[in-house]
Amino acid sequence: MAYWLVKSEPSSWSWSQQVAKAAKGEAWTGVRNHTAKLNLTKMKKGDQAFFYHSNEGKEIVGIVEIIREHYPDPSDPSGKFVCVDLKADKPFKTPVTLVAIKEEKALADMELIKFSRLSVQHVTADQWKRICKMGGL
DNA sequence: GCCAACGTTGGC
DNA sequence: GCCAACGTTGGC
């Protein structure tokens with residue numbers, strides 16, 4: 001069981017859109033970065049991930065579950081990149097903002113802060129627990 | 001294979 | 001809207 005964080009700009013794909021697909025999940029496509037791709041390939045069915053809104057909000061708004069492991073991204077004509085299927089699990093009672101994460105010393109080494117441009121990131125079990133608590137779960 | 005130029009991302 | 005960080009491209 002591993003934990004992850006995926007980022008999306010709400011203007012292109014938001015949490016509410018993810019929730020709307022809750023029953024059958026939705027392909028998480030469009031990753032065009034090799035580090036992010038590497039993380040996608042490590043995801044296992046049943047793993048959980050934070051859903052982060054970049055630019056607008058800059059906060060973690062909920063949790064998604066990986067329901068299908070990596071396969072070729074249908075939106076990539078070169079066939080080099082992969083995607084996974086995610087379904088919305090549950091929303092945070094209180095969104096956890098980037099500011100709040102930065103203020104929490106125990107989370108200072110999160111990839112979210114260190115590699116802000118990476119769109120698929122690994123989260124440690126300790127970071128996961130802390131952020132869930134901050135989110136009211 | 002190096003590196004400058006350029007494009008994109010995302011926080012501020 | 002600016003700019004820093006980073007990835008990609010293309011000339012040499």
Side-chain angles (χ1 to χ4, degrees):
Chain A
M1 178 74 175
Y3 300 107
W4 309 93
L5 181 148
V6 296
K7 297 201 296 190
S8 180
E9 291 201 37
S11 57
S12 55
W13 187 257
S14 69
W15 171 254
S16 57
Q17 285 173 285
Q18 190 68 45
V19 170
K21 303 281 184 180
K24 66 183 180 69
E26 181 73 10
W28 188 258
T29 62
V31 169
R32 295 292 181 269
N33 170 287
H34 294 287
T35 308
K37 178 196 167 181
L38 185 68
N39 283 334
L40 284 179
T41 63
K42 289 181 190 165
M43 288 178 171
K44 298 283 181 212
K45 192 175 177 181
D47 281 358
Q48 290 179 303
F50 289 133
F51 194 96
Y52 177 79
H53 277 176
S54 63
N55 266 318
E56 291 172 49
K58 281 169 288 181
E59 59 195 12
I60 296 170
V61 290
I63 292 171
V64 293
E65 181 184 329
I66 286 82
I67 56 169
R68 183 179 172 188
E69 292 178 19
H70 68 96
Y71 57 97
D73 184 342
S75 74
D76 174 27
S78 76
K80 287 180 183 168
F81 290 96
V82 301
C83 62
V84 296
D85 283 3
L86 304 178
K87 80 173 174 72
D89 184 0
K90 48 194 159 192
F92 275 0
K93 291 197 180 79
T94 316
V96 178
T97 64
L98 184 64
V99 173
I101 290 169
K102 284 187 170 174
E103 282 174 354
E104 178 61 53
K105 288 191 182 65
L107 301 173
D109 59 352
M110 270 193 80
E111 293 180 3
L112 183 64
I113 296 166
K114 286 185 168 177
F115 306 102
S116 62
R117 289 186 54 193
L118 183 59
S119 54
V120 182
Q121 311 183 345
H122 175 64
V123 174
T124 69
D126 184 59
Q127 290 163 351
W128 183 269
K129 276 184 229 158
R130 283 177 191 277
I131 290 171
C132 283
K133 191 178 269 185
M134 289 163 76
L137 296 181

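Chain letters run A, B, ... following the sequence lines, proteins first, then strands; residues in each count from 1.
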Which whole-number value in Å describes the distance from [X] [atom1] to [N] [atom2]?
| X | N | atom1 | atom2 | value |
| --- | --- | --- | --- | --- |
| A:Glu56 | B:dC12 | CD | P | 16 Å |
| A:Glu111 | B:dG10 | CD | P | 14 Å |
| A:His34 | C:dT8 | NE2 | C1' | 9 Å |
| A:Asn33 | C:dT9 | CG | P | 12 Å |
| A:His53 | B:dG11 | NE2 | P | 12 Å |
| A:Lys80 | C:dG7 | NZ | C1' | 14 Å |
| A:Leu118 | B:dG11 | CG | P | 12 Å |
| A:Lys37 | C:dC6 | NZ | C1' | 19 Å |

Would you indicate, yes or no, if [N] has its OP1 or OP2 atom less than 4.0 angstrom from a side-chain nitrogen or oxygen of [X]?
| X | N | answer |
| --- | --- | --- |
| A:Lys114 | C:dC6 | no |
| A:Lys58 | B:dG10 | no |
| A:Tyr52 | B:dG11 | yes |

Legend entry - Residue whose nearest DNA chain C nucleotide is more 5′ - A:Asn55 or A:Arg32: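 Per heavy-atom nearest nucleotide, the more 5' residue is A:Asn55.
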Inset, instruction - Using a 4.5 Å cut-off on heavy atoms from C-beta on, say whether the side chain of A:Trp4 contacts that of A:Lys42. - result: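 SC-SC contact between A:Lys42 and A:Trp4 confirmed.
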Legend entry - Heavy-atom side-chain contact between A:Lys80 and A:His34 under 4.5 Å: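 No, side chains not in contact.
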Inset, instruction - Classify the ring geometry between A:Trp128 and A:Tyr3 as parallel (under 30°), tilted (30 to 60°) or perpendicular (over 60°). - result: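 A:Trp128 and A:Tyr3: parallel rings.
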Inset, instruction - Output the single nucleotide from C:dA5, C:dG7, B:dC12 whose closest atom is nearest the side chain of A:Arg117. - result: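 Side chain of A:Arg117 sits closest to C:dA5.
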Inset, instruction - Report the C-alpha distance between A:Arg32 and A:Asp73 in whole Å, list the side-chain angles of each, state the deciding distance to 0.1 Å, and finish with yes or no for salt bridge (charged side-chain N to carboxylate O under 4.0 Å, His left out). - result: CA-CA 10 Å; A:Arg32 295 292 181 269; A:Asp73 184 342; 3.0 Å; yes
